[in-house]
Colleague: 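After the structure tokens below, expect a handful of questions from me.
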Amino acid sequence: MRILLADDHPLFLDGLEDLLTSNGFEVAGTARDGLEAIEKARALDPDAILMDIRMPRLDGLAAVRAIKAEMPGVKVVMLTISEADDDLFEAVKSGASGYLLKSRSADELLALLRGVERGEAALSPGLAARILQEFGRQASALEEKRASTGLSEREREVLALVAQGLKYKEVAAKLFLSERTIKYQSVLPRGRLRGRLPRNPV
């Protein structure tokens, strides 16, 4: 696996390059900031990029977004001191294949990078649980928002079909209900949805 390294600390960058090359990885090149990382990614076409977050000119998170938009096949792994949830979640949303803390041992780093080579996500211990908790929280919030509309599942189903441009009789046929039911009865109790439905020809 050919790896591009992006970090603004020369001593750390040199040590990381020595560690990787002595353990069978090929270092395609190095970059000192996010803009240079984008340029080097274009020029060198690496398999993966190890990217710091806090860098001058352009930070690692912005660089990940740009690289994944242009080169979606490149695996980008954040290698950082930041344990902030905001950085972690933003990295995952931006398309990063992993999030590793610089506090991990060299052996752990190498093992996780070999996992990336096999197509696995690379996450320092404990971070996966935080990601799952956040996604669970977002799913709960979405469900609460849906529930707050005051519409039943059936009513939302009818609205979705009508919004697609289906006529009432077509909606009725799809849902195995009568056209009258779709217009006036249980699906539209007490006119709750009538004002929301677009006028639709019979």
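Because only heavy atoms are used, hydrogens play no part in the values below, and waters and symmetry mates are left out as well, while side chains stay in.
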Colleague: Would you compute the distance between atom CZ of R42 and atom CD of E39 and round it to the nearest 0.5 angstrom?
Modeller: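 One gets 7.0 Å once the value is rounded to the nearest 0.5 Å.
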Colleague: Can you find a heavy atom in the side chain of K102 that is under 4.5 Å from one in the side chain of L79?
Modeller: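 A side-chain contact exists here, since the closest heavy-atom pair is under 4.5 Å.
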Colleague: Scan residues 26-38 for pairs that pass salt bridge (charged side-chain N to carboxylate O under 4.0 Å, His left out), counting only residues two or more places apart or in two chains.
Modeller: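 Of all non-adjacent pairs touching residues 26-38, those that pass salt bridge (charged side-chain N to carboxylate O under 4.0 Å, His left out) are R2-E26, D33-R57, E36-K40.
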Colleague: Restricting to non-hydrogen atoms, name the atom on L19 and the atom on L110 that form the minimum distance, rounded to 0.1 Å.
Modeller: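 For L19 and L110, the tightest heavy-atom pair comes out as CD1-CD1, 4.1 Å.
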Colleague: Counting N and O atoms only, with roles assigned by atom type, does the side chain of K68 sit under 3.5 Å from a partner on the main chain of A96, one being a donor and the other an acceptor?
Modeller: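 No, the answer is negative, given that no donor and acceptor are paired below the 3.5 Å cut-off.
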Colleague: Of the non-hydrogen atoms in M51 and A37, which two are nearest, and what is the gap between them?
Modeller: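 Answer, listing the atom of M51 first, then A37: SD-CB, 4.0 Å.
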Colleague: Can you tell me how far OG of S82 sits from CD of E90, rounded to the nearest 0.5 angstrom?
Modeller: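 Result: 12.0 Å between the selected atoms.
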Colleague: Sort out for me which residue in D59, D87, D8 forms a side-chain hydrogen bond (donor to acceptor under 3.5 Å, both in side chains) with R54.
Modeller: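 Going through the options one by one, the only one that passes is D87.
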Colleague: Any Lys/Arg nitrogen of E70 or R65 sitting under 4.0 Å from an Asp/Glu carboxylate oxygen of the other?
Modeller: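 Looking at E70 and R65, the cut-off is not met.
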Colleague: Counting C-beta onward and ignoring hydrogens, is there a side-chain heavy-atom pair between L100 and M78 closer than 4.5 Å?
Modeller: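 No, every pair of side-chain atoms sits at 4.5 Å or beyond.
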Colleague: Considering the options L123, L112, V116, which one meets the side-chain contact (heavy atoms from CB on, under 4.5 Å) requirement together with V77?
Modeller: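 Exactly one candidate clears the test, V116.
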Colleague: Under 4.5 Å between any side-chain heavy atoms of D47 and K75, yes or no?
Modeller: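 A side-chain contact is absent here, since even the closest heavy-atom pair is not under 4.5 Å.
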Colleague: Which heavy atom of Y99 sits nearest to which heavy atom of A84, and what is that distance?
Modeller: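 Here Y99 and A84 meet closest at OH-O, 4.3 Å.
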Colleague: Any non-hydrogen side-chain atom of D52 less than 4.5 Å from a side-chain atom of F12?
Modeller: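 No; the side chains remain at least 4.5 Å from each other.
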Colleague: Could you tell me the separation between the CG atom of L113 and the CG atom of N23, rounded to the nearest 0.5 Å?
Modeller: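 One finds 10.0 Å between CG of L113 and CG of N23.
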Colleague: Just verifying a value: how many Å separate L61 CG and D86 CG, rounded to the nearest 0.5 Å?
Modeller: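 That separation rounds to 10.0 Å.
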Colleague: When rounded to the nearest 0.5 angstrom, what distance separates OG1 in T30 from CG in D7?
Modeller: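 Between T30 OG1 and D7 CG, I get 10.0 Å after rounding to 0.5 Å.
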Colleague: What's the spacing between M1 CE and F25 CZ if we round to 0.5 Å?
Modeller: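 One gets 5.0 Å once the value is rounded to the nearest 0.5 Å.
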Colleague: Return yes when atom CG of L44 has more than 12 non-hydrogen atoms of other residues, nucleotides or ligands closer than 6.0 Å, and no otherwise.
Modeller: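 For L44, atom CG is crowded (more than 12 foreign heavy atoms under 6.0 Å).
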